[in-house]
Amino acid sequence: MPEGHTIYRHAREHNRDLRGHMVRADSPQGRFAAGAALIDGRTLLRAEAVGKHLFHQYDGQVWLHVHLGLYGNWRTGGPAMPAPRGALRLRLWTEQVWWELRGATACEVLTRPEITAIRNRLGPDPLRRNADPERAYTRIARSRAPIAALLMDQSVLAGVGNVYRAELLFRHGIDPYCPGHEVTSEQWSVMWTDLVALMRDGVRRGRIVTTEPAYRRRSRSYVYRRTGEPCLVCGTPVQTQVLLARNLFWCPVCQPHRATVIADRATEIEDGPESGAW
DNA sequence: GGCTTATGCGCAG
DNA sequence: TGCGCCTAAGCCA
């Protein structure tokens with residue numbers, strides 16, 4: 001599931017497999033033929049994830065930008081490369097390994113200024129060590145938009161998708177419709193710390209798991225895609241509503257309207273007997 | 001095997 | 001606001 005943790009893993013694996021190697025590239029589907037021709041035969045200097053964006057830097061000032069969108073996916077294997085199947089947008093390979101890209105929203109060769117422009121429009125990425133949570137909070141604190149919408153806005157926060165959004169709000173007892181400016185600095189600080197831990201855990205596992213161990217056998221998530229099912233904590237049916245064309249999931253009891261209760265719940269979770277697992 | 005739904009985002013209008 | 005992307009997991013038969 002391509003939220004930030006997935007892209008971060010891809011970048012890490014591309015560095016492991018391709019960095020420092022002369023990389024062959026083609027586009028059996030033909031849609032990226034010109035771009036693949038530009039990459040073919042160059043050495044990968046570095047792969048890097050920023051939010052949900054993946055960048056490859058090749059020698060000769062050639063940059064590849066990939067955004068998986070909803071359907072995109074990478075597959076890998078090697079050394080023998082299989083015959084092309086389906087709409088295969090891009091293949092990258094060396095003597096030892098191959099990578100296949102299908103269904104991506106964006107797959108393009110860009111110039112350095114274009115790469116910089118993409119990076120500049122992204123908010124802080126919780127998976128990056130130097131990320132500044134205050135940059136996100138500045139946007140949140142001056143917005144009347146629902147916090148659920150702000151968390152998905154990649155210019156506020158980079159790498160968070162629908163799953164982390166829903167689960168983070170549940171874990172902190174926050175009503176998804178709480179306006180950004182009602183979220184206090186203290187609350188944001190706790191949420192950010194939790195989000196960093198959740199996303200790092202996602203990188204480690206290769207999947208999103210947000211429930212505490214006590215609930216984990218019943219579900220990997222508290223509310224995401226659990227419409228109508230009982231809330232793991234209080235039993236109330238999980239609610240769904242479409243917000244900005246995306247499904248929003250929440251528990252109306254555990255996520256009361258606004259601030260006061262939030263601190264209590266966050267503490268409860270952090271002090272839980274199983275919290276060491278994070 | 002078929003059907004439904006989905007993690008995202010840019011674009012048309 | 002709704003569509004296109006065109007894959008894959010999860011579900012049902």
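Below, chains carry the letters A, B, ... as their sequence lines are ordered, and counting in each starts from 1.
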Student: Between Asn162(A) (CG) and dT5(B) (P), how many Å, whole number?
Tutor: 15 Å

Student: Just the rounded figure in Å: distance from P of dC9(B) to CG of Leu68(A).
Tutor: 11 Å

Student: Using a strict threshold of under 4.0 Å (side-chain N to carboxylate O), is an ion pair present between Glu167(A) and Arg165(A)?
Tutor: no

Student: Taking CE from Met152(A) and P from dG10(B), how many angstroms apart are they, rounded to a whole number?
Tutor: 13 Å

Student: Rounded to the nearest angstrom, tell me the gap between atom CZ in Arg246(A) and atom P in dT5(B).
Tutor: 15 Å

Student: Quickly work out the Leu101(A) CG to dA8(C) P distance and round it to whole Å.
Tutor: 11 Å

Student: Would you indicate whether the side-chain heavy atoms of His172(A) and Val190(A) approach each other to under 4.5 Å?
Tutor: yes

Student: Using atom names, set out every protein N or O paired with an N or O of nucleotides 5-7 of chain C below 3.5 Å, distance rounded to 0.1 Å.
Tutor:
| unit_1 | atom_1 | unit_2 | atom_2 | d |
| --- | --- | --- | --- | --- |
| dC5(C) | N4 | Tyr71(A) | OH | 3.2 |
| dC6(C) | OP1 | Arg31(A) | NH1 | 2.5 |
| dC6(C) | OP1 | Arg89(A) | NH2 | 3.1 |
| dC6(C) | OP2 | Arg31(A) | NH1 | 3.4 |
| dT7(C) | O3' | Asn73(A) | ND2 | 2.7 |

Student: Under 6.0 Å between ring centres: does that hold for Trp63(A) and His56(A)?
Tutor: no

Student: Before you tell me yes or no, could you show the steps for Gln29(A) and Arg89(A) under side-chain hydrogen bond (donor to acceptor under 3.5 Å, both in side chains), namely the whole-Å CA-CA distance, both residues' side-chain angles and the distance that decides it to 0.1 Å?
Tutor: CA-CA 5 Å; Gln29(A) 172 203 46; Arg89(A) 184 84 58 87; 3.1 Å; yes

Student: With a 4.0 Å cut-off on heavy atoms, is Arg225(A) in touch with a base, just the backbone sugar-phosphate, or nothing at all?
Tutor: sugar-phosphate

Student: Considering just the side-chain nitrogens and oxygens of Arg207(A), establish if one lies under 4.0 Å of OP1 or OP2 belonging to dA9(C).
Tutor: no

Student: Figure out the CG/P separation between Leu244(A) and dG2(C), and round it to whole Å.
Tutor: 13 Å

Student: Can you tell me, in whole Å, how much space there is between the P of dG1(B) and that of dC6(C)?
Tutor: 23 Å

Student: What integer number of Å spans the C1' atoms of dG10(B) and dA8(C)?
Tutor: 22 Å

Student: Do Thr111(A) and Glu114(A) have a side chain donor and acceptor closer than 3.5 Å?
Tutor: yes

Student: Check whether any side-chain nitrogen or oxygen of Asn247(A) sits under 4.0 Å from OP1 or OP2 of dA6(B), and answer yes or no.
Tutor: yes

Student: Without decimals, in angstroms, what is the distance between Leu54(A) CG and dC9(B) P?
Tutor: 14 Å

Student: Would you list the protein and nucleotides 11-13 of chain B atom pairs, both N or O, that sit under 3.5 Å from each other?
Tutor:
none

Student: By the 4.0 Å heavy-atom rule, please label Arg220(A) as base, sugar-phosphate, or nothing.
Tutor: nothing

Student: Tell me whether Arg204(A) is salt-bridged to Asp201(A), with the criterion being a basic N under 4.0 Å from an acidic carboxylate O.
Tutor: yes

Student: Can you check whether Tyr222(A)'s main-chain N or O pairs, donor with acceptor, with Arg226(A)'s side chain at less than 3.5 Å?
Tutor: yes

Student: When rounded to the nearest Å, what value does the distance between P atoms of dT5(B) and dA13(C) take?
Tutor: 15 Å

Student: Partners of Tyr164(A) by ring pair (Phe, Tyr, Trp, His ring centres under 6.0 Å), sequence neighbours excluded?
Tutor: His5(A)

Student: Can you tell me how far P of dG8(B) sits from CG of Leu248(A), to the nearest Å?
Tutor: 13 Å

Student: Check whether any side-chain heavy atom of Glu13(A) sits under 4.5 Å from a side-chain heavy atom of Arg9(A), and report yes or no.
Tutor: yes

Student: Please test Asp175(A) against Trp250(A) for side-chain hydrogen bond (donor to acceptor under 3.5 Å, both in side chains), starting from the C-alpha separation and ending with a verdict.
Tutor: CA-CA 8 Å; Asp175(A) 182 320; Trp250(A) 81 103; 5.2 Å; no

